[in-house]
S.K.: 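Below is the structure I would like to discuss, written out as structure tokens.
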Amino acid sequence: MILAVDTETTGTDFFHGCRPFMITACDGKSNYVFEGRVDPYTRDVTWEQDEVAEFIDLVKSASKIIFHNAAFDIRALASIGIPPELFWDKLEDTLLASHCVCSGDTHNLKDLGVKYFNYSDVDEVFLEEQVKDAIKEARKAGYCVAKAGHHHFPGLRKNGTMFWKMDYWLAIDACRTYAVGDVERTLLLWDAFKTSIMVDGLWNVYQTRKKLIRIVYNIQTNGKSFDKEKAARLIAKFEKEMEEHRWNIKRLAKIDYRFNPNSRQHLVDLIHNRLKIPVKFQTKGKKPVPAMDQKALKSYSEMIDAEPLVQLALYKKKQKHITDLTSYINWLDENNRTHSSLNITGTRETRQSSNSPNDQNSDKILRFLFGPPPGYVWICTDMVNIELRIWAYSVGNVELIKAFEAGKSVHEMIMEIIFPEQMDAYRLAKSKSKSQLNELDQKALKVYQRVKNGNFSRIYGATDMKTNETYHGSKSTSLPNYCAKIDARFPGIKEFTDSRRKLAEECYVRHKTYAIHTLGGYRLDVPPDEPFKACNYFVQGAAGWIMTLAMINWDASPLYRKFNCQMNSQLHDGLDTEVKIVPALPLIIEAKCRAISEAGKSLIPTCDVTWELLYNPADETNTIVQEILQQHK
DNA sequence: TGCCAGCGCGCG
DNA sequence: AAAGCGCGCGCTGGCA
């Protein structure tokens, strides 16, 4: 029996008390509804043992369980004592399937119902009305309506959160209808997707990706520990300094109102009105307004006595840090750990995304606040230049490939072509330590950075004009044609970019859809009006696929299991693993690097992996750790 | 008060 | 005649 399952919950943060209050299921013949009771004054949910047991029996009797976003529902079910192990061996996921079938279109359950079956989505509209009405009544009755600040979702901010979605329990009858509709949709969709995936030859890639569900579930469960006290001290320090920066700006520019550096109006007043700098940058939106981003502010600060703008930049940076730190603290559980979720369908190119909190965009300056607890280490691995490597092999230029295989830097090779006169200065600068750098060194390093940016720009599908600008570091009416120089030296680059676009167009002729297959066989839709993206999708998709295989390989490694290793973070080419300090640590590190490298080498000829070890200060003198660090040097 | 669009910024 | 790619999230300001 195939069973679709869905949960309705009092929120999304199951680490702070949100719980499912309704479980629905559908096997094609009958619909099932299981309900717990929400305490209207606390939002706490209680379930009768019998009710849960009945659901578990139903699950056990099913040969397949279909979810739409399995990781979420399994997490919800686990929070009321239903073991995740019930599902791993027999789950299917229509969200994942939807991405396989049609990576570029909507993946929302209701939209999919309409798209594939013309299954009306009025139940959702009706429920929204009912809930919003019920909320008004509930407020009068003194019920605990969801809002920012409730301890069940400390990480959620007031802005941008649709809190009414957490109060479906207030309109329980409409919710029941809605929830049953969802499992009916899910069951129908799986049937359609299954056929489609098989017909299109995507069954294997779907099954491979599906293995990530359990892996990312475990990553989230384990989480990462965070130094709350240190963060709090940092916040206090920044707050004090920020106030000083703000007052300095006010004083220097003679501003007599409550200056808010976040307000565009205030910044316009400061820069264009009081400092009398003409508008040089506009935003790119429909209604352009004076831009106030870093690029613009930096340029303006070079035009005048910079002090007010220097103070402004300092203020903004610290403010960003404070919001980041506050967010991390809010997401912590009782053990001071965050539990970011890693979304395997987070991007359309198989890369994953992260949220609650986003673990993939934490400022490098603040990362030291995360780390292993005493007695544990993090093995942090990186795939070296993975996107550039994929690109080089795909371009097929022998010289580029040779460079990688000899461990040479492709960025440097290209720098040699377009800025040969800078090479000596660059090599000298590279050999120095940070404190020794003089102005000339800094300049050479900046040129290198521009080359790197330009290279990525090209891979990402920029026009030659834009790429030349990036290499050059600025717009200019008479730019040297760097791209042409590079193409002359490394034939195949242009051809490769064009070929990806042509593949997408050929696919359209045959299948009425723009798409390319990336390394590994996964199919990526290309926006019909933006075929130039095909090249980037190919490269980014291949990198995402390699990371997918890497995580699966590492998870399946005997040492991973034996020593209770736990991946806890993934940053597209980096993967961190938490493990107890044991004598076998060197073997574990080696096994991890091998698992990742082999994942890469199943698609491209080489895949270098570097690693470093992160340990808790308390383990400073641990002999195992110290020996490894000594050897690693 | 809630919602939405636009902007800006962190990461890869 | 046009465009380097992919994300999540906080804040402002306009609108209902």
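Here is how names work: the chains are called A, B, and so on, in the same order as the sequence lines, proteins then strands, and each is numbered from 1.
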S.K.: Looking at B:dG2, I'd like to know if its phosphate oxygens (OP1 or OP2) sit under 4.0 Å from a side-chain N or O belonging to A:Lys147.
M.R.: no
S.K.: So do the side chains of A:Asp363 and A:Lys317 get within less than 4.5 Å of each other, counting heavy atoms only?
M.R.: yes
S.K.: Could you grab the distance from atom CG of A:Asp359 to atom CD of A:Gln220, nearest 0.5 Å is fine?
M.R.: 11.0 Å
S.K.: Mind checking if A:Lys317 touches a base, just sugar-phosphate, or nothing, with heavy atoms under 4.0 Å?
M.R.: sugar-phosphate
S.K.: Test for a donor-acceptor pair under 3.5 Å between the base of B:dG10 and the side chain of A:Asn361, counting only N and O atoms.
M.R.: yes
S.K.: Between A:Gln540 and C:dC7, is there a side-chain N or O to OP1/OP2 distance below 4.0 Å?
M.R.: no
S.K.: Could you give the CG-to-P distance, from A:Asp363 to B:dG12, as a whole number of Å?
M.R.: 10 Å
S.K.: For A:His321 and B:dG10, what is the distance between atoms NE2 and P respectively, to the nearest whole Å?
M.R.: 8 Å
S.K.: I need the CD-P distance between A:Glu349 and B:dG12, as an integer number of Å.
M.R.: 17 Å
S.K.: Under a 3.5 Å limit for both distances, which nucleotide forms a Watson-Crick or G-U wobble pair with C:dA3, could you say?
M.R.: none
S.K.: Among C:dC7, B:dG6, B:dG12, which nucleotide has an atom closest to any side-chain atom of A:Lys286?
M.R.: B:dG6
S.K.: Touch check for A:Gln294, heavy atoms < 4.0 angstrom, all strands: base, sugar-phosphate only, or nothing?
M.R.: sugar-phosphate
S.K.: When you compare B:dC7 with C:dA3, how far apart are their P atoms, in angstrom units rounded to a whole number?
M.R.: 15 Å
S.K.: Considering only C:dG6, B:dC3, B:dG8, which nucleotide approaches the side chain of A:Trp164 most closely?
M.R.: B:dC3
S.K.: Is the centre of the A:Phe72 ring less than 6.0 Å from the centre of the A:Phe14 ring?
M.R.: yes
S.K.: Write down the distance between CD (A:Glu387) and P (B:dC11), rounded to a whole number of angstrom.
M.R.: 16 Å
S.K.: I need the A:His68 NE2 to A:Leu95 CG distance, nearest 0.5 Å.
M.R.: 4.5 Å
S.K.: Under a 3.5 Å threshold, yes or no: a donor from one side chain and an acceptor from the other, between A:Gln311 and A:His245?
M.R.: yes
S.K.: A:Asn330 has an atom CG; how far is it from atom P of C:dG10, in whole Å?
M.R.: 10 Å
S.K.: Hey, could you give me the CG/CD1 distance between A:Asp167 and A:Ile135, rounded to the nearest 0.5 Å?
M.R.: 4.5 Å
S.K.: Atom CG of A:Leu312 and atom P of B:dG8: how far apart are they, to the nearest Å?
M.R.: 13 Å
S.K.: Have a look at A:Ser362 and say if it touches a base, only the backbone sugar-phosphate, or nothing, with a 4.0 Å heavy-atom cut-off.
M.R.: sugar-phosphate
S.K.: Grab the N/O contacts between the protein and nucleotides 12-15 of chain C below 3.5 Å, and write none if there aren't any.
M.R.:
from: C:dT12; atom 1: OP1; to: A:Asn260; atom 2: ND2; distance (Å): 3.0
from: C:dG13; atom 1: OP1; to: A:Ser263; atom 2: OG; distance (Å): 2.8

S.K.: Is there any protein nitrogen or oxygen under 3.5 Å from a nitrogen or oxygen in nucleotides 1-4 of chain C, and what are the pairs?
M.R.:
from: C:dG4; atom 1: N7; to: A:Ser457; atom 2: N; distance (Å): 3.1
from: C:dG4; atom 1: N7; to: A:Ser457; atom 2: OG; distance (Å): 3.1

S.K.: Once you round to the nearest 0.5 Å, how far does CG of A:Asn222 lie from CG of A:Asn568?
M.R.: 6.5 Å
S.K.: Check whether the side chains of A:Tyr393 and A:Thr606 place a donor and an acceptor atom closer than 3.5 Å, and report yes or no.
M.R.: yes
S.K.: By the 4.0 Å heavy-atom rule, please label A:Lys316 as base, sugar-phosphate, or nothing.
M.R.: nothing
S.K.: Kindly say if A:Thr323 contacts the phosphate of C:dG10, meaning a side-chain N or O under 4.0 Å from OP1 or OP2.
M.R.: no
S.K.: Rounded to whole Å, please give me the gap between CG in A:Leu267 and P in C:dC11.
M.R.: 15 Å
S.K.: Within this structure, what is the CD-NE2 distance for the pair A:Glu241 and A:His321, rounded to the nearest 0.5 Å?
M.R.: 11.5 Å
S.K.: Measuring from the side chain of A:Lys364 (C-beta onward, heavy atoms only), which nucleotide among C:dG8, C:dG6, B:dC11 has the closest atom?
M.R.: B:dC11
S.K.: What is the distance, rounded to the nearest whole Å, between atom NE2 of A:His107 and atom C1' of C:dC7?
M.R.: 14 Å
S.K.: How would you label the contact of A:Ala291 with the nucleic acid (heavy atoms, under 4.0 Å): base, sugar-phosphate, or nothing?
M.R.: sugar-phosphate
S.K.: Quick one: which of C:dC7, B:dC3, C:dG10 gets closest to the side chain of A:Arg348?
M.R.: C:dC7
S.K.: Using a 4.5 Å cut-off on heavy atoms from C-beta on, say whether the side chain of A:Lys316 contacts that of A:Leu297.
M.R.: yes
